[in-house]
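Some notes on the structure that comes next.
Just so it is clear, the structure is predicted and the values come from calculations on it, not from any experiment.
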Amino acid sequence: MNTDNIKYIIKTLFLILLFTFISDKIVFVFLNTISDKVFTGQSIGKLNHYLKIKDNLDFIVYGSSRANRNIDPTKLSQNSFNMGMDGCKLAFPATLIKVLPKQKKQTIFLHIDPENAFDQKYTGTDIQFLTTKYNRNKIIKTETDKLEKNNILQNFYWCLGYNGKVLGILKNYLKPKYNYKTYFGFDPIYVSENQKKIFEKILSKEEFVNCKEKLVLNDIYENFLDELKIFCSENNKTIIIFTSPKFDDSCKNDNLEFNQILKNKGLTYYDLTDHFKDNNLNKYWKDKTHLSNIGSEILTKEVNILLNENLK
């Protein structure tokens, strides 16, 4: 291959890279323009809603679907929001807590399941729910890079952050699911007759649970818990960690160990796992870990009592 051919190939590759780079930025601006107007749905809408109102909130619920479906924030504070999200563990909510305003007094109600905290396989993948903001928010970028969950190419091609989310964004842009101005992040579960029958069948089957004997706190949980304590103490935040009820919990050693760890760290913890143990009715549940709208109403009332005692 002669010198002229090599120069031609290099020039062509450079032009292709330059074209794709410029095209990516044009599409990125377009997607941002569209997505910034979306405030419904879990593709980006709920996140946008949270980022829009976070500086003015007094009380915020964070966690997985067991936070999202189980706690009605409006019964706890008039200026509140539930930022629980399906499939999330700790990296996602912890990062969103870190983008809260400095020095504004706020109460953070963070859901954590003890078994997840001791899961050594957890690597923080749920932070990838925030990829659309990777190149737009310094804190989100820093936390994503720290966990090594960034796509290296996303530093060059910013649109990669929208992978898998464009359809949901466009759908909610063209036809919003609800009026976000009257939405407070809480998604109660209204159980159908068919779901009730399914749950009854599940309960009729015996289930063997193998409880872990050796419990070691996952490093990511360890680091985030320490960082959140510092962040909250320095920025006028009150953080309370809680665990939602389960229909039955055969393994108690992880709850006890997690409770002791948080106590040693000086963090407040409400272990509500067995809240319905002495008065358990099927109508309180959708499945073994998610409450029905009836159960969530009862739980929220209990949380309100605990908060009033704790935040006096």
Side-chain angles (χ1 to χ4, degrees), residues 47 50-51 53-55 57-64 66-68 71 80-85 87-150 161 185 215-244 254-255 257-271 307 310-311:
L47 175 59
Y50 168 79
L51 294 174
I53 65 174
K54 64 181 176 62
D55 291 2
L57 295 170
D58 297 324
F59 185 91
I60 315 165
V61 180
Y62 296 92
S64 65
R66 284 175 28 80
N68 174 224
I71 302 293
S80 60
F81 193 74
N82 187 322
M83 194 52 207
M85 190 76 78
C88 290
K89 292 188 179 178
L90 185 57
F92 175 84
T95 302
L96 290 183
I97 290 170
K98 290 184 178 183
V99 304
L100 289 173
K102 310 295 183 184
Q103 297 308 317
K104 175 176 171 56
K105 186 177 181 180
Q106 293 173 306
T107 298
I108 293 165
F109 201 49
L110 173 62
H111 180 271
I112 295 179
D113 276 315
E115 62 267 28
N116 292 335
F118 295 112
D119 180 7
Q120 296 304 313
K121 295 180 181 179
Y122 175 67
T123 61
T125 53
D126 51 314
I127 201 171
Q128 293 173 333
F129 282 103
L130 298 171
T131 54
T132 54
K133 306 299 181 183
Y134 179 79
N135 285 298
R136 304 185 69 190
N137 186 290
K138 185 178 179 180
I139 294 173
I140 290 174
K141 187 177 191 301
T142 298
E143 295 300 321
T144 304
D145 290 344
K146 189 191 301 182
L147 291 170
E148 298 181 345
K149 296 303 174 186
N150 58 314
L215 297 171
V216 178
L217 191 63
N218 179 286
D219 288 342
I220 294 174
Y221 274 78
E222 179 93 56
N223 293 334
F224 269 128
L225 287 171
D226 291 340
E227 290 169 3
L228 289 177
K229 182 183 177 184
I230 294 171
F231 174 83
C232 291
S233 64
E234 292 179 348
N235 291 284
N236 202 19
K237 317 292 183 196
T238 298
I239 183 169
I240 298 171
I241 297 166
F242 77 105
T243 298
S244 279
D254 53 357
N255 295 71
E257 182 66 21
F258 189 57
N259 179 55
Q260 187 59 51
I261 288 171
L262 294 182
K263 184 177 180 180
N264 292 342
K265 290 181 180 296
L267 290 166
T268 302
Y269 178 48
Y270 297 165
D271 185 1
L307 289 172
N310 190 74
L311 299 177

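Scanning both residues, Leu147 and Gly124, for their nearest heavy atoms gives CD1-O, 4.0 Å. Summarising the geometry of Ile112 relative to Thr243, their closest heavy-atom pair is O-OG1, 2.7 Å, with the distance given to 0.1 Å. The two atoms that bring Gly185 and Phe81 nearest to each other are N-CE1, 3.6 Å, heavy atoms only. Pairing each heavy atom of Tyr122 with each of Leu90, the nearest pair is OH-N, 3.4 Å. Here the closest non-hydrogen pair linking Phe224 and Ala91 is CE1-CA, 3.7 Å. In terms of heavy-atom proximity, Pro93 sits nearest to Tyr62 at CB-CB, 3.7 Å.
Judged as a salt bridge (Lys or Arg N to Asp or Glu O under 4.0 Å), the pairs with a partner in residues 92-108 (not counting sequence neighbours) are, in order, Asp58-Lys104, Lys98-Glu143, Lys98-Glu227. Applying the side-chain hydrogen bond (donor to acceptor under 3.5 Å, both in side chains) test to residues at least two apart or on different chains, the pairs with a partner in residues 109-119 are Arg66-Asp113, Glu115-Lys246.
Remark: Thr123 engages Thr125, Lys149 in a side chain to side chain contact (heavy atoms under 4.5 Å, CB included) (not counting sequence neighbours). Under the side chain to side chain contact (heavy atoms under 4.5 Å, CB included) criterion, Thr268 pairs with Ile240, Tyr270, Asn310, not counting sequence neighbours. The salt bridge (Lys or Arg N to Asp or Glu O under 4.0 Å) check on Asp126 picks up nothing, with sequence neighbours excluded. A search for side chain to side chain contact (heavy atoms under 4.5 Å, CB included) contacts involving Asp145 returns Tyr134, Lys141, Asn150, not counting sequence neighbours. Looking at residues two or more places apart in sequence or on another chain, you find a side-chain hydrogen bond (donor to acceptor under 3.5 Å, both in side chains) between Lys237 and Gln106. Listed by chain and number, the residues in a side chain to side chain contact (heavy atoms under 4.5 Å, CB included) with Gln103 are Asn235, Asn236 (sequence neighbours excluded). Asn82 meets the side-chain hydrogen bond (donor to acceptor under 3.5 Å, both in side chains) test with no other residue; sequence neighbours excluded. Every ring pair (Phe, Tyr, Trp, His ring centres under 6.0 Å) that Tyr269 has, sequence neighbours left out, goes to Phe258. Looking at residues two or more places apart in sequence or on another chain, you find no ring pair (Phe, Tyr, Trp, His ring centres under 6.0 Å) involving Phe118. For Lys265, the salt bridge (Lys or Arg N to Asp or Glu O under 4.0 Å) test picks out Glu222, Asp226, with sequence neighbours left out.
A heavy-atom distance below 4.5 Å is found between the side chains of Leu100 and Ile60. Between Leu225 and Ile241 the shortest side-chain heavy-atom distance falls below 4.5 Å. The side-chain heavy atoms of Leu130 and Asn137, taken from C-beta on, include no pair separated by under 4.5 Å. No side-chain heavy atom of Tyr50 sits under 4.5 Å from any side-chain heavy atom of Met85. For the pair Leu47/Thr132, a side-chain contact is recorded, criterion being any heavy-atom separation below 4.5 Å from C-beta on.
Between atom CD1 of residue Ile97 and atom NZ of residue Lys54 there is a gap of 13.0 Å, rounded to the nearest 0.5 Å. One distance of note links CG of Leu51 with CZ of Arg136; it measures 9.5 Å at 0.5 Å rounding. Atom CG in Leu110 sits 9.0 Å away from atom SG in Cys232 (nearest 0.5 Å). The structure places CD1 of Ile139 at 11.5 Å from OG1 of Thr144, a figure rounded to the nearest 0.5 Å. For the atom pair CG (Leu57) and CE (Met83), the distance works out to 11.0 Å, reported to the nearest 0.5 Å.
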For Tyr221 and Lys89, run side-chain contact (heavy atoms from CB on, under 4.5 Å): C-alpha distance rounded to whole Å, both residues' side-chain angles, the deciding distance at 0.1 Å, then the answer. CA-CA 10 Å; Tyr221 274 78; Lys89 292 188 179 178; 3.5 Å; yes

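Asn259 and Asp271 form no side-chain donor-acceptor contact under 3.5 Å, judged by distance and modelled atom types alone.
Here the side chain of Ser80 pairs no donor or acceptor atom with the backbone of Phe59 at under 3.5 angstrom. The closest donor-acceptor contact from the side chain of Lys133 to the backbone of Ile140 lies at 3.5 Å or more, if one exists at all.
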